[in-house]
Amino acid sequence: MPAFGSLYVPGSMSSRAETKKAAREARLRAEREEAERQRRQRIWSLAGGAALLAALVVVVLILVSAGGSSDEEASGEVAQFDGIPQKGIELGDPEAPVTLVEFADPQCPFCKEYTTEDLPPLVEDYVAGGDLRMELQLLTFIGPDSESIARAALAAGEQDLMWQFMDVAYARQGVENSGYADEEFIDGVAEAAGVDVDQMNEQSGTEAVTRKLEEAQAAATDAGINSTPSFLVGPTGGKLLPAQQEGLADAIDQALADSQ
Amino acid sequence: MSRPGADRPTTVAVVLALAGIAIAGYLTWVHYEGLSPVCTTGGCERVQASSYSEIGPIPVALLGLIGYVAILASLAIRGDVGRAATFMLTLAGFAFSLYLTYLELFVIDAICQWCVASAVVMTALLVTASVRLLRPAAPAPPARP
């Protein structure tokens with residue numbers, strides 16, 4: 001409450017001070033509001049820039065991610081199997097002292113990695129010399145494309161060309177469950193692998209092929225396999241034990257030493 | 001990182017970023033060790049084996065780990081530029097999580113609990129980062145007489 005006297009004395013010291021104070025507060029308030037307005041403007045432009053940058057990063061990530069690894073012209077390393085005995089799912093001398101079983105899904109990227117990077121030296125160092133025989137058990141848990149490829153591969157196995165077929169199929173592996181394993185893809189893989197396409201297509205839908213897929217699944221279940229690629233190594237006809245992908249050569253060497 | 005006097009949204013964001021680092025770190029470790037992640041949804045194996053689990057030579061889990069570490073680092077940057085950086089990183093992380101969730105549901109056809117947990121953490125981080133960026137400035141401390 002102002003002092004009684006000040007109401008009647010315009011221009012007194014106290015009134016001037018109050019007016020000055022009010023003006024100062026109003027100026028400060030205006031300055032604060034202006035600063036906040038400018039800050040908001042700055043933040044919205046920063047947010048807009050950040051959103052644009054984020055969108056750019058995500059678009060690049062998605063494009064690279066979906067770019068896929070499909071390579072319709074790739075033909076794998078089919079020549080590595082030349083001169084090596086092959087029957088159905090088996091590769092190598094049936095009398096070889098050591099057996100390696102691989103459980104793989106045709107769409108599994110790590111199986112592709114194994115086939116392109118780890119398999120060739122194993123074939124050259126052990127299978128070609130008659131020390132090792134291999135079995136390829138195809139599982140189809142990833143999706144319908146897995147089954148289409150696995151059926152065709154097992155049918156190619158009737159012509160003793162399953163290993164060549166899968167080598168090319170992995171080299172051309174497409175985007176998972178995209179429906180890439182259509183008739184054109186399968187026939188193209190078969191041709192590159194040297195398979196008689198008509199004969200393969202006649203056999204891929206048969207009951208015999210279905211039974212082989214079921215046998216592969218049963219073998220995986222028996223061995224407690226729940227991921228691909230998984231491996232079993234041991235003496236041929238004896239007890240096979242799980243082995244890690246990066247330690248396969250050591251496991252084979254150990255099994256060879258044990259067999260002597 | 002959560003220094004004395006840090007505001008509440010920043011503290012929440014630090015906790016969320018650490019949770020994200022734990023999740024992505026675990027998945028990265030599992031990836032490089034070739035192990036199967038602990039999984040109650042049954043789809044982790046399938047998601048991990050999917051071709052989408054890697055972008056070129058980089059596992060998506062490692063990308064997530066790098067993202068969460070970058071978010072944590074951005075929280076230490078003061079001012080509007082730091083807040084905008086956190087917002088940008090969380091927005092990118094959120095959008096990429098949306099894409100990965102779409103892949104899980106409609107392409108890979110399997111759900112991985114760790115991926116869902118990471119997507120939830122990233123969503124919460126985006127909300128927190130938005131609050132940090134857009135809320136009004138704290139009132140200036142009263143001037144000394």
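Convention: sequence-line order gives letters A, B, ...; per-chain numbering from 1. Note that the coordinates shown come from a computational prediction; the quantities given were computed from them, not determined experimentally.
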Non-neighbouring partners of A:Asp187 that pass side-chain hydrogen bond (donor to acceptor under 3.5 Å, both in side chains), sequence neighbours left out: A:Asn201

CD/A:Glu184: more than 12 non-hydrogen atoms of other groups inside 6.0 Å: no

For B:Arg135 versus A:Arg39, what's the shortest heavy-atom pair and its separation? O-NH1, 3.2 Å

Please find the pair of heavy atoms, one from A:Val58 and one from B:Ala92, that lie closest to each other, and give the distance. CG2-O, 3.2 Å

By a 4.5 Å heavy-atom criterion (distance strictly below it), what part of A:Asn226 contacts chain B: side chain, backbone, both, or neither? both

Distance-minimising heavy-atom pair for A:Arg40 and B:Leu134: NH1-O, 3.9 Å

On a heavy-atom basis, which atom in B:Phe87 and which in A:Ala47 lie closest, and how many Å separate them? CE2-O, 3.7 Å

Got a list of side-chain donor-acceptor pairs under 3.5 Å for residues 56-77 of chain B, not counting sequence neighbours?
from: B:Tyr68; atom 1: OH; to: B:Ser118; atom 2: O; distance (Å): 3.0
from: B:Tyr68; atom 1: OH; to: B:Ser118; atom 2: OG; distance (Å): 2.9
from: B:Ser74; atom 1: OG; to: B:Ile71; atom 2: O; distance (Å): 2.7
from: B:Ser74; atom 1: OG; to: B:Thr86; atom 2: OG1; distance (Å): 2.8

Residues from residues 17-27 of chain B approaching chain A under 4.5 Å (heavy atoms): none

Value for OH (B:Tyr99) from CD1 (A:Ile62), rounded to nearest 0.5 Å, stands at 5.5 Å

Does A:Arg24, at its CZ atom, have more than 12 non-hydrogen atoms belonging to other residues, nucleotides or ligands within less than 6.0 Å? no

Most heavy-atom pairs under 4.5 angstrom with chain B, which of A:Val57, A:Leu52, A:Leu53? A:Leu53

Nearest heavy atoms of A:Ala54 and B:Met88, plus distance in Å: CB-O, 3.5 Å

Give a yes or no on whether B:Tyr102 atom OH has more than 12 heavy-atom contacts from other residues, nucleotides or ligands under 6.0 Å away. no

Nearest atoms (heavy-atom pairs only) where B:Leu133 meets A:Ile43: O-CD1, 3.2 Å

Output every pair passing salt bridge (Lys or Arg N to Asp or Glu O under 4.0 Å) with a member in residues 142-153 of chain A, not counting sequence neighbours, ordered by first then second residue. A:Glu147-A:Arg151

